[in-house]
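Report on the structure given below.
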Amino acid sequence: MTDLPGIVVTGASGRMGRMLTEIVTASERARLVGVLERPGHAWIGQDVGEAMGGAPIGVIVSDDPLEQISQAQAILDFTAPAATVEFAALAAQARCVHVIGTTGLSEEDLSKINAAGRHATIIRAGNMSLGVNLLVQLTKKVAEALDEDYDIEVIEAHHNQKVDAPSGTALMLGQAAADGRGVSLEQNADRGRDGITGARTRGHIGFTAIRGGDIVGEHDVMFATAGERIVLSHIASDRAVFARGALKAALWGQGRKPGEYDMLDVLGLKEN
Ligand SMILES: NC(=O)C1=CN([C@@H]2O[C@H](COP(=O)(O)OP(=O)(O)OC[C@H]3O[C@@H](n4cnc5c(N)ncnc54)[C@H](OP(=O)(O)O)[C@@H]3O)[C@@H](O)[C@H]2O)C=CC1
Ligand SMILES: O=C(O)C1=N[C@H](C(=O)O)C[C@H](O)C1
């Protein structure tokens, strides 16, 4: 029992933090050794099971990331960019696995995470579900097969509390489309249309973000041309798909050398 990898969940009271805490607690392949929230949070010092409205599980919510991470084999981190950069540095110190689901990371954040990857095993993806990672590979293949007569549009929908747009998943799908086409996403992305925009630029990859209610996460990649449209689609209806993917990544990362990996590595979907 005690040789199971010890997992710390960050942002425990968040939508994903709660789901991750439940999934790790129920797992027979890992043990929950710590949960984190920010200093001053109402949950600090409480048993996380009770804080979530259930029975105690013997894990107390802490605001001390250094102490928690130093006793763990992996951190599951779905929080916010500033927190994730801090946790990556601590994961590097502790030489452990850092599974990053946080989206909305800036180039500066990414370069700090990359530096942490010299000592930590970092697995980062804007979406940890099997379905979306398959969709990424399908998008690349369809984009490879079609020319610029097909306009590519990525449409995403999320709940009304989401703070970043386009979603991390939409950016993964846009990147896959750009890779399939052999072009740079930065130079071809069309991320905000408003007013007299002029006609669509041939070859651009468009992004549209819908925010409403409690939508968990929906993504379409549309290839539209005169007379027909192909739409590749994914709907997440339960956050458990992300949490299960994150735990799978943490287990896959055990004993893996430091560096940066993604879910395609974990799921064996990466093409050479
Ligand atoms: N890759 C994937 O598969 C998925 C990624 N995500 C991403 O995960 C992130 C979180 O999403 P979601 O759970 O919906 O967001 P929530 O806002 O519900 O949860 C985020 C949690 O992180 C906490 N937090 C922020 N800073 C710190 C800190 N310094 N120390 C400890 N805890 C901290 C927040 O606390 P407080 O409320 O006090 O700020 C909050 O509890 C987003 O970036 C989202 O896009 C979501 C789902 C799937
Ligand atoms: O914030 C969310 O909720 C989600 N975020 C991720 C993203 O930005 O793509 C993944 C999922 O779609 C849910």
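Both counts, for ligands and for their atoms, begin at 1 and track the order of listing.
In this structure, the side chain of R239 does not engage the main chain of A243 through any donor-acceptor pair within 3.5 Å.
Taking only nitrogen or oxygen atoms, main chain and side chain alike, G14 reaches within less than 3.5 Å of ligand 1. Polar contact check, M128 against ligand 1: a nitrogen or oxygen pair lies under 3.5 Å apart. The shortest N or O to N or O distance between K162 and ligand 1 is below 3.5 Å. The shortest N/O to N/O separation between A80 and ligand 1 does not fall below 3.5 Å. When only interatomic distances are considered, the shortest N/O to N/O separation between T103 and ligand 1 falls below 3.5 Å.
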### Task
Take D164 and K162, measure what salt bridge (charged side-chain N to carboxylate O under 4.0 Å, His left out) needs, and give me the verdict at the end.
CA-CA 6 Å; D164 56 311; K162 185 162 177 64; 2.9 Å; yes
message = Run the salt bridge (charged side-chain N to carboxylate O under 4.0 Å, His left out) test on D179 and K140 for me, step by step, so that the C-alpha distance in whole Å, both residues' side-chain angles and the decisive distance to 0.1 Å come before the verdict.
response = CA-CA 6 Å; D179 291 346; K140 186 169 171 212; 5.7 Å; no
**Asked** Where do F242 and N127 land on the side chain to side chain contact (heavy atoms under 4.5 Å, CB included) test, with the steps shown first?
**Response** CA-CA 7 Å; F242 312 131; N127 196 304; 3.5 Å; yes
If you apply the rule salt bridge (charged side-chain N to carboxylate O under 4.0 Å, His left out), what do you find for D151 with R202, and how did you get there? CA-CA 7 Å; D151 297 323; R202 186 178 160 84; over 6 Å; no
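Side-chain polar atoms of S111 and N114 form no donor-acceptor pair below 3.5 angstrom. Q137 and N133 share no side-chain donor-acceptor pair at under 3.5 Å. Side-chain atoms of H41 and S13 include a donor-acceptor pair closer than 3.5 Å.
Nearest heavy-atom pair, M128 versus F78, reported as atom, atom and distance to 0.1 Å: CG-CZ, 3.8 Å. Closest approach of A30 and L247 over heavy atoms only: CB-CD1, 3.9 Å.
The closest heavy-atom contact to atom 11 (O) of ligand 1, among the options E37, M16, H159, comes from M16. For the residues W43, F242, F78, the heavy atom positioned nearest atom 10 (C) of ligand 1 is part of F78. The closest heavy-atom contact to atom 25 (C) of ligand 1, among the options R38, H158, H41, comes from R38. With M263, M172, R15, Q161 as candidates, the residue nearest to atom 12 (P) of ligand 1 on a non-hydrogen basis is R15. By heavy-atom distance, the residue among S167, A42, G101 lying nearest atom 6 (N) of ligand 1 is G101.
Around the CZ atom of R29, the shell of radius 6.0 Å holds no more than 12 heavy atoms that belong to other residues, nucleotides or ligands. Atom CZ of R229 has 12 or fewer heavy atoms from other residues, nucleotides or ligands within 6.0 Å.
Per-residue contacts place A83 under 4.0 angstrom from the following atoms of ligand 1 (heavy atoms of the residue considered): 26 (N), 27 (C), 28 (C), 29 (N). Residue F87 approaches ligand 1 through these ligand atoms, each under 4.0 Å from one of its heavy atoms: 30 (N). Less than 4.0 angstrom separates some heavy atom of T102 from each of these atoms of ligand 1: 43 (O).
Taking a 4.0 Å cut-off on heavy atoms, G104 fails to register as neighbouring ligand 1. Under the 4.0 angstrom criterion for non-hydrogen atoms, N127 is in contact with ligand 1. Using a 4.0 Å heavy-atom cutoff, S13 is listed among the residues neighbouring ligand 1.
Protein neighbours of ligand 2 below 4.0 Å, counting non-hydrogen atoms: T103, G126, N127, H158, H159, K162, S167, G168, T169, V216, H219, F242.
Looking at atom 9 (C) of ligand 1, its nearest protein heavy atom turns out to be T79 O, 3.4 Å. At the top of the distance list for atom 23 (C) of ligand 1, counting protein heavy atoms only, stands G11 CA, 3.7 Å.
Separation of atoms CG (D109) and CD1 (I100) is listed at 10.0 Å; rounding is to 0.5 Å.
With sequence neighbours excluded, the residues forming a salt bridge (charged side-chain N to carboxylate O under 4.0 Å, His left out) with E108 are K112, listed by chain and number. Contacts of D47 classified as salt bridge (charged side-chain N to carboxylate O under 4.0 Å, His left out), with partners at least two apart in sequence or in another chain: none.
Of the protein's heavy atoms, at least one falls inside 4.0 Å of atom 3 (O) of ligand 1.
Contact annotation: for A125 versus ligand 1, heavy atoms closer than 4.0 Å belong to the backbone alone.
Residue pairs that meet the side-chain hydrogen bond (donor to acceptor under 3.5 Å, both in side chains) test with at least one member in residues 70-87, sequence neighbours left out, are T10-D77, D77-T79, D77-T84, D77-H98, T79-T84, T84-T102.
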